[in-house]
Amino acid sequence: MPELPEVETTRRGLEQRVAGQKITGVIVRDRRLRQPVPRRLPALLTGATIKSLARRGKYLLIDCGGGTLIVHLGMSGRLWLVDEATPALKHDHLDLVLAGGMIVRLRDPRRFGLVLWQRGDPLLHPLLARMGPEPLSREFDGIALYRATRNRSAAIKQVVMDAHVVAGIGNIYANEALFRARINPGIAARRMTRARCTTLVEKIRETLIAAIDAGGSSLRDYVGSNGMAGSFQNNFLVYDRAGKPCFACGTPLRGIRQSQRSTFYCPCCQR
DNA sequence: CGCCAGGCCTGCACGC
DNA sequence: TGCGTGCAGGCCTGGC
């Protein structure tokens with residue numbers, strides 16, 4: 001479910017309501033995520049105060065003073081604030097009970113998500129340490145993408161989805177940005193010119209910012225941290241539109257598979 | 001029933 | 001021999 005814009009929407013929604021709040025209790029109902037939820041989490045977090053929420057790629061970094069709670073939402077995860085009277089349902093695996101009477105709740109039916117604890121600098125965690133630049137940072141520019149694509153025979157879409165190249169570009173936004181950049185998702189990354197790299201970086205940024213402004217995309221059961229649904233799914237130009245006319249030229253869009261992921265593109269506009 | 005789904009880590013085989 | 005790379009598999013539930 002959540003890609004970078006959805007994670008960022010979650011971060012913004014939660015931060016303003018939980019920063020400065022004390023955690024009075026931690027309820028772990030199911031430890032079985034992609035990795036087991038640390039057993040000592042309640043001991044570590046009870047009594048701690050949430051300082052701030054940051055994001056690295058699709059990882060949420062909840063600074064709790066003595067350490068950072070690192071949360072990844074996987075495919076079906078959702079982190080949001082509920083009233084303490086809200087009953088926990090089947091897939092509500094973790095609650096952070098706050099002093100103010102609210103609960104930060106993690107729901108993740110597919111359990112591809114991750115909850116980790118890191119002392120010290122969270123960016124040093126092995127899963128984060130070798131990630132590529134943030135797509136919205138200055139560090140990620142045409143030159144950086146050009147360098148990262150040299151000697152890579154893999155398709156540009158796969159390279160752009162490689163978190164070691166640039167953080168947090170998922171399947172939907174890779175598809176959308178490539179369409180906006182008029183680049184065929186299947187071309188070998190090494191064949192990208194400098195100019196096309198610059199264009200693609202611009203379009204990635206443009207797409208992510210538009211999606212964040214729309215509160216993310218709501219697919220299936222996704223809703224933001226305040227329970228409100230994002231609306232960017234209404235602005236998809238190619239994602240999930242196989243066979244439908246290209247908004248630019250009318251040609252039926254194609255749906256193919258690349259590395260077991262679905263790709264959508266316009267065979268006419270994207271070369 | 002089978003297939004599909006927004007992620008991403010791991011391990012293996014391969015080629016330089 | 002040792003890497004970087006590319007690919008397949010696996011982790012799960014739910015919806016069509």
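Naming convention: chains lettered A, B, ... in sequence-line order (proteins, then strands); numbering from 1 in each chain.
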Check the phosphate of [N] against [X], side-chain N and O only, distance under 4.0 Å to OP1 or OP2. Yes or no?
{"X": "A:Lys90", "N": "C:dG14", "value": "yes"}
{"X": "A:Gln158", "N": "C:dC7", "value": "yes"}
{"X": "A:Arg34", "N": "B:dC8", "value": "no"}
{"X": "A:Ser153", "N": "C:dG6", "value": "yes"}
{"X": "A:His72", "N": "B:dC8", "value": "yes"}
{"X": "A:Ser262", "N": "B:dA5", "value": "yes"}
{"X": "A:His91", "N": "C:dG14", "value": "yes"}
{"X": "A:Arg32", "N": "C:dC11", "value": "no"}

Please measure how far the C1' atom in C:dC11 lies from the corresponding atom in B:dC1, and state the result in whole Å.
->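 My reading of the C1' atoms in C:dC11 and B:dC1 gives 22 Å.
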Whichever of A:Tyr59 and A:Phe264 has the more 5' nearest nucleotide on DNA chain B, that residue is A:Phe264
Check whether the aromatic ring of A:Phe112 stacks on the base of C:dC11, taking stacking as ring centres less than 5.5 Å apart and planes within 30° of each other.
->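 The base of C:dC11 is stacked with A:Phe112 (centres under 5.5 Å, planes under 30°).
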Side chain of A:Arg110 - closest among B:dC8, B:dC4, C:dT13 =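 The closest nucleotide is C:dT13.
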Using a cut-off of 4.0 Å on non-hydrogen atoms, how would the nucleic acid contact of [X] be classed: base, sugar-phosphate, or nothing?
{"X": "A:Arg107", "answer": "nothing"}
{"X": "A:Phe236", "answer": "nothing"}
{"X": "A:Leu127", "answer": "sugar-phosphate"}

Please list all pairs passing the ring pair (Phe, Tyr, Trp, His ring centres under 6.0 Å) test where one or both residues lie in residues 170-219 of chain A, with sequence neighbours left out.
->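 Residue pairs passing ring pair (Phe, Tyr, Trp, His ring centres under 6.0 Å), neighbours aside: A:Tyr173-A:Phe232.
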Tell me whether the guanidinium CZ or amine NZ of A:Arg194 lies under 6.0 angstrom from the six-membered ring centre of A:Tyr146 and within 45° of its axis.
->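 Yes, A:Arg194 sits over the ring of A:Tyr146.
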Consecutive-pair stems (at least three Watson-Crick or G-U pairs, under 3.5 Å) that include DNA chain B | B:2-5 with C:13-16, B:7-16 with C:2-11
Check the pair A:Glu202, A:Arg205 against salt bridge (Lys or Arg N to Asp or Glu O under 4.0 Å), reporting the backbone distance first and the verdict last.
-> CA-CA 5 Å; A:Glu202 267 170 31; A:Arg205 235 178 235 140; over 6 Å; no
Looking only at N and O atoms, is any donor in the side chain of A:Arg111 or the base of C:dC12 less than 3.5 Å from an acceptor on the other one?
-> no
